[in-house]
Amino acid sequence: MSGVKPNLSVNVGGILMKNPVTTASGTFGFGPEYSPYLDLNRLGAIVVKGITLLPRTGNPTPRLAETPAGILNSIGLQNPGVERFISEALPFLADYDLPVIVNIAGDTVDDYALLAEKLSRASGVGGLEVNISCPNVKKGGMQFGSDPAMAAEVTRAVKASTGLPVIVKLSPNVTSIVAVAEKVAEAGADALSMINTVLGMAIDIKKKRPVLGNLLGGLSGPAVKPVAVRAVWQVYREVKLPIIGMGGITTAEDAIEFILAGATAVAVGTANFVNPRATMDVLEGIENYLCENGIENIDELTGLAQKS
Amino acid sequence: MSGVKPNLSVNVGGILMKNPVTTASGTFGFGPEYSPYLDLNRLGAIVVKGITLLPRTGNPTPRLAETPAGILNSIGLQNPGVERFISEALPFLADYDLPVIVNIAGDTVDDYALLAEKLSRASGVGGLEVNISCPNVKKGGMQFGSDPAMAAEVTRAVKASTGLPVIVKLSPNVTSIVAVAEKVAEAGADALSMINTVLGMAIDIKKKRPVLGNLLGGLSGPAVKPVAVRAVWQVYREVKLPIIGMGGITTAEDAIEFILAGATAVAVGTANFVNPRATMDVLEGIENYLCENGIENIDELTGLAQKS
Amino acid sequence: MSPVADAKVIKQNMIAPGHFRLYLFAPEIAEAARPGQFVHVRCGHTLDPLLRRPVSIHAVDREKGEVILFYRVAGRGTALLSKNNSGDTISLLGPLGHGFSMPQSHARVLVVAGGIGIAPLYFFLQEIAVSEISADVFLGAATQKQLFFMNEIKESGHRVVPSTDDGSTGYHGTVADLFEEYVRKSDNQNGPVRRGDDAKVYGCGPSGMLKRLTDIIAAAGIPGEVSLEERMGCGVGACLSCACKARGGKNGVQYRRACVDGPVFPAGEVVWE
Amino acid sequence: MSPVADAKVIKQNMIAPGHFRLYLFAPEIAEAARPGQFVHVRCGHTLDPLLRRPVSIHAVDREKGEVILFYRVAGRGTALLSKNNSGDTISLLGPLGHGFSMPQSHARVLVVAGGIGIAPLYFFLQEIAVSEISADVFLGAATQKQLFFMNEIKESGHRVVPSTDDGSTGYHGTVADLFEEYVRKSDNQNGPVRRGDDAKVYGCGPSGMLKRLTDIIAAAGIPGEVSLEERMGCGVGACLSCACKARGGKNGVQYRRACVDGPVFPAGEVVWE
Ligand SMILES: Cc1cc2nc3c(=O)[nH]c(=O)nc-3n(C[C@H](O)[C@H](O)[C@H](O)COP(=O)(O)OP(=O)(O)OC[C@H]3O[C@@H](n4cnc5c(N)ncnc54)[C@H](O)[C@@H]3O)c2cc1C
Ligand SMILES: Cc1cc2nc3c(=O)[nH]c(=O)nc-3n(C[C@H](O)[C@H](O)[C@H](O)COP(=O)(O)OP(=O)(O)OC[C@H]3O[C@@H](n4cnc5c(N)ncnc54)[C@H](O)[C@@H]3O)c2cc1C
Ligand SMILES: Cc1cc2nc3c(=O)[nH]c(=O)nc-3n(C[C@H](O)[C@H](O)[C@H](O)COP(=O)(O)O)c2cc1C
Ligand SMILES: Cc1cc2nc3c(=O)[nH]c(=O)nc-3n(C[C@H](O)[C@H](O)[C@H](O)COP(=O)(O)O)c2cc1C
Ligand code: FES
Ligand code: FES
């Protein structure tokens, strides 16, 4: 068995990935930033920074605080807007052979629809990840994600505006992530990704004020891994859509936890900051694990811990 | 100024504490466990392990998993039941001069009322902490805590059955902790405590099954601190009840973050396991901070970061 | 007041790959320690890993105020622990737990240790040697190189019967198999261990081995004590995470806390899963 | 491919309380490094603290493949870093960022360093000395003992004018005050720095000092470059956490990334808060 190379390819709602490892939106820029550190072609897919209709300058600084085994961020969707994204950032990725998944965020349902439409017309987009769960923007963002009906409405609007596979990204800041997932699935999502950051805060006791310029921020990194694994586990049981699992993945062992819980693919986020080659380490570790366990097909691993 | 000893005493909904430092339920046993390591009389109050009407054996093992800067537990309210608690555990604490706060948990609203009644008749109980937020029991527990109306009902029932100060302990596993806090306040709670553990999970990739015998568990420790500080900050803005803040406090600096966010008192939980004298270190550090900052009265610190 | 000791590392020796003997200066713990007790060790200085790790007291030098640990690198905590050098400071809680009972002077003492299980039993053997009790020690390991302290144990007056899983030294098989054969032979040939003898077994090792050992001595009617390894949080009885099933209580089975009610339990009381 | 180097510690010297010079073997980084660039350093080996810390390249020895850092213990990360000894391994990312521009050979070079700000400027001074450019170095510190490397800098052909906050050596006051006086005098007395001179200022230090420096040179009409300290996440331009305000863009002010667009910016471009 150990001689046979396992089959790592996965299908995430119509997005064909040569392996299950991708990047978490907002932690990997648009590709060029990490291309000196790894061959992007080895990724299963790339998920780029969240894009809005118009350019955004983002939130006031400081935008980052370190917390125990995690970070809080309040970047606030700083991005060049969809037009400049298409003209300036997408061409770089055209040279690579991997699905480009564009994370989109809007203030209104129409924004999402318009973004989906524009990106569907651009060449080189392999799928959309609908960010209804960003805790760092005033309008839209998490509001959509914390109300199952609103989440469904955004999903329907995006689906109606694009032929691309649509992944909906869920927030952990809800009483029942399963309830949101179910509605989003009914509304036609092709896949789910989870989790976005956990709403948090830090206070500077010297200055006696919040550390972040935006007061609240989103918690990510190893600290949130147990919350994320739980979310994947709960949703996998109830909703029959492929899941991209993320939240604190720094090693292959972490990624395998998510897959055993029910994830079809995994995304590496905050860990890129610590180790620019984290995606590659995760990929190689998953491959070794499959070999050692005599598993020929990565799909066999998805949700296996649910069956014990 | 530095010569003057600051006034550390606080009033938490009628519970008079000589200082703001107490223990988080379930992490400090019933008192004797840590009494070799510190003088319990130096605590502002002691909050004991959750008590139910009947004895409980708790959840299957393993009940504990370490996670990055945190732990997952699924103890499941193992306790001797209220009768034996009163006859066997309370007398030990009678020798000490500090408010004993009893954490109570029930399967039904009536359970809570009955527990409150029984404990009000016992001597040596200084207050009740109503646990509507335990993620580790099937019935009751978090269910009460995630529905504002149910939470209010439990609160009313307890208030009707006791003359003791009633603290309601809130769960972070909700879309809006403020919504729950508001209803609980309307229902007559004297104080709030937050946060209980964050619902989480870990998977053993060797055994390919969840680590905990009970599958899901509650995340606590430094990892959750940003979530807890955020909860205190949000609730302090909207609800005019004193708050006992907890979640990841290991040092005085951590405790001060909670107080600046809006906590009147703080509880040390998981950190006791790491450092049995953590409560004392927190207490001494708070006192030093007040001296260094020329603050005479700890109350002046509560919510100060909201005013900047 | 029980101490939370900031113990200075005197020295740390790697005695085989991944196996370390750590010498700590902690006079109060050395003074109070009894065989089978443990210390709860802070392996690093940051919030990750967060919890302490329980490690048996392997030996003490009360004159020098030394506590000696013997451990195997099993994961992140013990890996960090192994990086400590002389002069570094390690926080210890202890001595904790309920240890081995001391045998009567006329008793027939049988010690069964599997792998790293020799760690606390070494201390036990040292202490009974002071009372001039000598034991038969059944020492099992994966391979010859991991049969630790054979000579030291012999020198303190005990007999050692080794076994290795790979047969590189002594009996070829597990230490439970070895011990079973020994007990069976004793029975058949009217040998040294018999029902009614004042014999007592002291065991420590992997839980599979301890379960077998418990069955063997139950069948032979010999009393014994075993030291369990449970995942621990607080180490002082507060968190209820180290619950292990034991006979007793209303339903015949109850949870007991390995950290304070154990880690050493009468073999007959343990309910194996 | 840019390296993520696992650099061996050659040695680490405490050169004053809380101040360390760390010598690392990282030949590729040493080869590529330019003054003002930094390395992103993993201070520990666990998940806490999680993020890397940016530290300027303080000097290189390209022949030996050495990268030298000079840092002050400011918190948990740098405290852990200071525990590393020769033989230990530290993960480095770099060289990162946009450094100082090299002055023209005929330029009048004025270097203004406050406190630990000398770290990258030392490298700059080394490199320009190779091109036989000598600078006037205004070196400020809290007290005499923290006026680091004065002699080394002089030996490489530069002039050093020291200032201390407590007046224990040199000018009594901040280095910004010292520099302001110097510039004013130059103006008044037709001295060495004048508008139209090919003078250029290179500054690094606390942000309050850099803001003053920017004002002073703006008023005097001298161009300059300053190195900013922003909290950093990735260090490679991906996370947008190191945003700092700079002139430009549609609204006249835009966020730029300290890690890739900086840390060194033309002084006139920085928008101070
Ligand atoms: C009372 C007692 C005494 C002990 N004495 C010794 C001793 O003298 N020498 C020695 O080498 N070891 C001893 N152990 C075991 C030791 O505590 C574990 O090896 C150690 O906690 C592992 O920590 P780690 O961070 O290195 O590994 P981790 O990364 O935490 O875990 C490595 C593996 O060990 C398992 N594990 C973790 N903690 C425990 C635990 N408390 N009990 C059982 N399994 C665990 C994990 O599930 C995992 O499979 C003792 C344990 C107990 C309960
Ligand atoms: C490009 C660059 C180059 C630098 N070069 C050097 C150098 O050569 N020598 C040196 O001693 N220091 C240098 N620094 C500063 C150094 O990065 C910080 O001192 C270090 O990150 C503090 O980490 P810590 O864990 O020790 O402290 P922490 O506990 O993280 O923080 C201690 C204090 O420093 C503040 N802080 C944390 N990170 C930063 C940051 N990135 N920028 C500014 N303030 C911060 C915190 O808010 C806190 O007040 C540089 C910073 C940058 C951005
Ligand atoms: C700096 C930063 C920026 C982020 N930006 C976005 C974003 O633009 N859109 C989005 O959907 N998620 C964003 N996220 C969330 C991540 O994609 C991911 O869901 C989260 O960080 C959890 O994964 P991790 O713990 O591996 O980082 C961001 C996270 C970080 C840390
Ligand atoms: C082992 C353990 C047992 C707990 N038992 C209870 C309990 O019985 N009742 C309760 O309200 N909270 C219980 N909690 C939650 C704590 O009281 C506290 O709310 C939580 O752990 C967050 O604080 P910390 O991060 O400081 O531990 C328990 C927590 C732990 C770790
Ligand atoms: S480890 Fe906490 S009760 Fe035993
Ligand atoms: S530190 Fe991430 S963009 Fe600069």
Side-chain angles (χ1 to χ4, degrees), chain B residues 23-39 48-50 55-79 211-213 217 220-223 225 248 250-251 254 269-278 280-281, chain C residues 1-6 28 32 40-54 74-77 91-96 207 228-246 248-261 271-273:
Chain B
T23 59
S25 175
T27 66
F28 208 76
F30 296 127
E33 294 84 354
Y34 281 104
S35 63
Y37 299 97
L38 57 111
D39 177 0
V48 298
K49 172 74 189 158
R56 296 237 182 137
T57 50
N59 284 325
T61 57
R63 293 171 169 192
L64 185 78
E66 197 181 42
T67 66
I71 64 172
L72 282 167
N73 90 78
S74 61
I75 308 300
L77 290 177
Q78 176 179 341
N79 81 93
V211 173
L212 297 176
S220 66
K225 192 183 65 172
T250 60
T251 64
D254 297 334
T270 303
N272 293 306
F273 306 162
V274 182
N275 172 15
R277 291 184 53 81
M280 294 299 102
D281 292 353
Chain C
M1 295 278 138
S2 286
V4 183
D6 275 328
E28 294 183 355
H40 216 23
V41 184
R42 192 101 172 77
C43 296
H45 295 272
T46 74
L47 297 175
D48 172 62
L50 184 63
L51 293 174
R52 289 170 181 268
R53 299 292 190 260
R76 286 163 356 109
S91 169
L92 300 180
L93 219 64
L96 300 176
S207 67
L228 301 186
E229 272 201 18
E230 286 293 332
R231 232 176 272 258
M232 286 184 185
C234 65
V236 302
C239 73
L240 308 180
S241 64
C242 63
C244 51
K245 282 192 185 147
K250 279 195 193 139
N251 317 317
V253 176
Q254 64 186 5
Y255 277 123
R256 302 198 69 192
R257 294 166 300 178
C259 65
V260 287
D261 304 323
V271 179
W272 300 95
E273 311 263 334

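Numbers restart at 1 for each chain; the letters A, B, ... are given by sequence-line order, proteins then strands.
A heavy-atom distance below 4.5 Å is not found between the side chains of B:Pro276 and C:Val236. Contact annotation: the side chain of B:Glu33 approaches that of C:Arg257 to within less than 4.5 Å [non-hydrogen atoms, C-beta and beyond].
Residue B:Phe28 comes nearest to C:Ala238 through the heavy atom pair C-CB, 4.0 Å, listed as atom of the first residue, atom of the second, then distance. Heavy-atom minimum distance, C:Arg42 versus B:Val274: NE-CG1, 3.3 Å. Here the shortest heavy-atom pairing between C:Tyr255 and B:Gln78 reads CB-NE2, 4.1 Å.
Of the charged side-chain nitrogens involved, at least one lies within less than 4.0 Å of a carboxylate oxygen, so that B:Glu66 and C:Arg53 count as a salt-bridged pair.
Considering B:Leu64, B:Ile75, B:Leu77 in turn, B:Ile75 is the only one that fulfils the side-chain contact (heavy atoms from CB on, under 4.5 Å) rule with C:Leu240.
Only the side chain of B:Tyr34 comes within contact range of chain C, with at least one heavy atom under 4.5 Å from a heavy atom of that chain.
Note that OG of C:Ser241 and CG of B:Leu72 are 12.0 Å apart. Values are rounded to the nearest 0.5 Å. Atom NZ of C:Lys245 and atom OG1 of B:Thr61 lie 6.5 Å apart (nearest 0.5 Å). With rounding to the nearest 0.5 Å, the separation of OG1 in B:Thr270 from CG in C:Leu50 is 7.0 Å.
Of all the listed residues (C:Leu51, C:Asp48, C:Val260), the one sharing the greatest number of non-hydrogen pairs under 4.5 Å with chain B is C:Leu51. Looking only at heavy-atom pairs under 4.5 Å with chain B, the residue among C:Cys244, C:Ser91, C:Gly237 that has the most is C:Gly237.
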